[in-house]
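Notes follow the structure.
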Amino acid sequence: MARFRFPLLIALGLFVAGLALTSALKDRHYMLLSLVLLAVTLLPLFLRLERRPLESRELVLLAVLSAVAAVSRIPFAALPSVKPVSAIVILSAYVFGAEAGFIIGAVAALVSNIYFGQGPWTPWQMFAWGMVGLTAGWLRNTWWMKKKGGMLAFGFVWGFLFGWIMNIWYLISLPDAFSWGLVATAYASSFYLDLAHALSNVFFLAVLAGGWTKVLKRFRKKYGLLQE
Amino acid sequence: MSSGFRSMHPSVAMVYYAGLLLFAALLFHPLFLATEIAGLTFLLVLQGQGRGLLRGLPFYLLMAVSVAVLNPLFSHRGAHILFYFMDQPITLEAVLYGLMMMLVLLTVFILFISYNYTVTTDKFMYLFAAAAPRTTLLTLMTMRFVPLFQRRLRQITLIQRIRGVDAGKGSLRSRMRDGMTLLKVLLTWSLEEALQTADSMKARGYGIRKRSVYGIYKLDLQDKAMLLLFTVSGWIPLFFWMKGYGVLDIYPRMKPMHLGWADAAMYASFCVFVLTPLALEGKEKWLWRSSRHSSYPSATLKKTGTRFMSSHLR
């Protein structure tokens with residue numbers, strides 16, 4: 001059985017992708033297709049995690065940072081869009097790079113949803129927070145990201161982008177009503193939540209930035225972790 | 001305690017929920033969706049999870065109903081115009097389509113409530129341990145760290161309060177500074193200790209060879225029978241769906257629903273797929289009840305046939 005696991009998984013994946021395409025083309029029903037596309041975008045970076053040479057220290061480091069991000073979400077459970085996760089993911093990616101940032105964001109979303117409830121939004125959150133980490137890692141060497149103001153602005157923008165990505169899974173359930181009016185309505189109704197997320201990102205980044213990057217950089221140097 | 005459907009092998013539960021999700025996304029038909037919702041709700045109630053369902057319901061209803069309301073406001077397809085709202089025609093078909101989408105969303109929400117109860121994360125990880133060992137290990141370690149860090153944070157708070165560092169007292173500015181100190185202590189402490197864990201992992205040979213997998217679940221005869229049943233009864237509706245059955249065309253005008261033999265066969269097979277866990281759970285309940293009512297001549301309990309998790313650990 002174990003020998004056939006990979007061919008079996010690939011065959012299953014292709015089968016579901018085929019069904020999703022048929023459903024999207026025939027019935028204009030995009031739910032399944034969106035899930036397949038999300039899986040396809042998450043796959044390469046997780047495959048890379050599986051394949052690349054990785055010290056056990058680095059693996060544990062990723063786990064610790066994901067866990068800290070997941071834990072940080074719990075005290076703020078009552079406030080729907082105040083999520084320190086984004087700030088922690090940005091800071092970790094800033095120090096350890098894009099791939100680490102992606103993994104930390106995605107795993108933090110997956111694990112914190114064990115406490116908040118898994119749902120159709122879990123892959124979307126994994127994608128959104130993964131992208132927060134990935135972009136923060138890509139832009140970490142630009143001159144403005146190294147300034148505190150630049151990083152705060154980056155957090156502010158991602159507060160809105162995160163909400164906009166999360167609105168998509170809701171919008172695709174209305175294929176026939178899709179129009180700029182609907183998009184505007186959905187995005188306007190989530191505006192205050194997104195604003196709260198953006199402002200809380202700025203707040204947490206402002207509070208954590210100096211101290212945390214120093215601690216993380218020290219660990220990176222002392223143990224030689226995730227040097228590229 | 002896990003018994004009944006929860007005690008089946010993780011792959012059985014995974015096939016069941018994956019199948020249900022597939023059906024919810026593909027079979028755009030009120031009869032199928034309503035059956036799925038009814039089946040899952042009844043399963044949750046039988047498992048004693050009715051309260052959890054009720055707690056989540058207001059949020060889910062809000063999401064689902066807003067879809068039903070938004071669709072006719074923004075989609076004007078369809079032949080029957082009911083009335084005009086702000087100069088925009090509201091069509092019967094758009095209202096029906098919105099209601100159907102509401103059903104789809106409700107099905108998916110209830111499905112995940114049931115999934116969260118039955119397929120706990122350790123079972124999910126067990127299934128993927130062989131395919132993605134590193135991701136699985138990473139996720140499991142993260143999961144384990146969450147309660148540990150919460151406990152640690154409480155300890156740190158207690159100790160630092162004696163030093164006068166207290167995130168619950170003082171001006172906003174000093175509280176922010178103190179809260180940050182607490183988090184920083186947590187970060188440094190956890191990182192230091194986790195790196196020691198990593199060194200000890202390395203000392204014991206982690207990463208030298210391909211990781212072997214230890215499985216605590218055993219696929220027994222009943223699990224295999226269930227897998228076979230799910231596969232067969234799941235294929236039939238999919239096959240008919242590919243032939244064009246099981247989807248209700250609403251636009252441009254709703255087709256009348258008629259039940260031919262093909263629809264009947266498809267629905268029957270779908271029901272077998274959806275309702276089998278209910279039968280398992282019901283059998284369990286019935287055995288438990290009947291075992292309580294009979295009196296035993298000896299102090300040793302008779303074997304009732306109640307099913308528990310079959311594992312090597314027993």
Side-chain angles (χ1 to χ4, degrees), chain A residues 2 5-6 9 16 19-20 22-23 26-27 29 31-32 35 46-47 49-50 54-64 66-68 70-72 74 103 107-108 110-112 114-115 117-120 122 170 173-174 176-179 181-182 185-186 207-208 211-212 215-216 219 223 225, chain B residues 22 24-26 28 56 63 67 70-75 77 94 97-98 101 104-105 108-109 112-113 115-116 121 130-135 137-139 141-146 148-150 153 176 179-180 183-184 186-188 190-191 194-195 197-199 201-202 206-207 238 242 247 251:
Chain A
R5 209 181 295 257
F6 280 107
L9 276 178
V16 173
L19 282 182
T22 324
S23 156
K26 207 175 69 160
D27 308 329
H29 204 62
M31 196 177 263
L32 199 58
L35 288 179
F46 277 104
L47 267 183
L49 173 75
E50 292 291 334
L54 200 69
E55 283 285 314
S56 52
R57 275 176 174 177
E58 289 160 347
L59 194 67
V60 173
L61 173 86
L62 291 177
V64 169
S66 314
V68 169
V71 167
S72 73
I74 293 170
I103 297 292
V107 172
L110 182 66
V111 171
S112 66
I114 293 169
Y115 299 87
Q118 308 279 7
T122 305
Y170 177 80
S173 61
L174 297 168
D176 278 299
F178 188 83
S179 62
L182 178 71
T185 313
V207 170
L208 297 175
W212 276 47
V215 170
L216 293 178
F219 270 96
Y223 293 98
L225 299 168
Chain B
L22 213 57
L26 294 178
F28 196 64
M63 294 272 318
V67 165
L70 279 176
N71 192 58
L73 288 181
F74 287 95
S75 167
R77 283 178 76 190
Y97 192 90
M101 263 304 166
V104 173
L105 281 185
V108 174
F109 288 144
F112 269 101
I113 297 178
Y115 168 88
N116 280 339
T121 313
R134 215 178 255 172
T135 312
L137 182 66
L138 174 62
T139 315
M141 275 199 291
T142 310
M143 276 167 61
R144 185 262 175 280
F145 282 151
V146 170
L148 178 74
F149 287 4
Q150 282 178 300
L153 194 61
M176 253 170 62
M180 199 189 99
L183 278 180
K184 221 164 91 179
L186 174 71
L187 182 71
T188 358
S190 307
L191 277 176
L195 289 172
T197 312
D199 287 343
M201 273 166 68
K202 197 174 178 189
Y206 173 78
L238 277 185
M242 282 186 252
V247 175
Y251 294 126

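A note on names: the letters A, B, ... follow the listed sequences, proteins ahead of strands, and every chain is numbered from 1. What you see is a predicted model, and the numbers here were worked out from it, not measured in a lab.
With a 4.5 Å cut-off on non-hydrogen atoms, B:L148 does not touch chain A at all. Residue A:E58 does not touch chain B at all, counting heavy-atom pairs closer than 4.5 Å. Interface residue A:V68: backbone and side-chain heavy atoms are both found under 4.5 Å from chain B. Heavy-atom distances place the side chain of A:L225, and not its backbone, under 4.5 Å from chain B. B:L105 touches chain A through its side chain: at least one heavy atom from C-beta onward sits under 4.5 Å away, while N, CA, C and O do not. Of the two parts of A:L62, the backbone and the side chain both hold a non-hydrogen atom closer than 4.5 Å to a non-hydrogen atom of chain B. With a 4.5 angstrom heavy-atom cutoff, B:L187 touches chain A only via side-chain atoms.
Between B:L183 and A:W212 the shortest side-chain heavy-atom distance falls below 4.5 Å. In this structure the side chain of A:V111 never reaches within 4.5 angstrom of the side chain of B:F145, judged on heavy atoms. Considering only heavy atoms from C-beta on, B:L138 comes within 4.5 Å of A:L49 through its side chain.
Separating the CD1 atom in A:I103 from the OG1 atom in B:T135 is a distance of 6.5 Å, to the nearest 0.5 Å. With rounding to the nearest 0.5 angstrom, the CG atom of B:D199 is 9.0 Å from the CD atom of A:E55. Here the CG-CE distance, from A:L59 to B:M141, works out to 4.0 Å after rounding to the nearest 0.5 Å.
When all heavy atoms are compared, the tightest approach of A:A70 to B:V146 is CB-CG2, 4.1 Å. The two residues A:S56 and B:A198 come nearest to each other via the heavy atoms OG-O, 3.2 Å. B:T139 and A:V107 get closest at one heavy-atom pair: CA-CG1, 4.4 Å. Residue A:E50 comes nearest to B:P133 through the heavy atom pair OE1-CD, 3.4 Å, listed as atom of the first residue, atom of the second, then distance. Scanning both residues, B:A194 and A:V64, for their nearest heavy atoms gives CB-CG2, 3.3 Å.
Checked against ring-ring contact (aromatic ring centres under 6.0 Å, His included), B:F112 has the following partners two or more places apart in sequence or in another chain: B:Y115. With sequence neighbours left out, B:K184 forms a salt bridge (Lys or Arg N to Asp or Glu O under 4.0 Å) with no residue at all.
The greatest number of non-hydrogen atom pairs below 4.5 Å with chain B, out of A:L35, A:L208, A:L54, A:L47, is found for A:L54. Among the candidates B:R144, B:K202, B:R134, B:M201, the residue making the largest number of heavy-atom pairs closer than 4.5 Å to chain A is B:R134.
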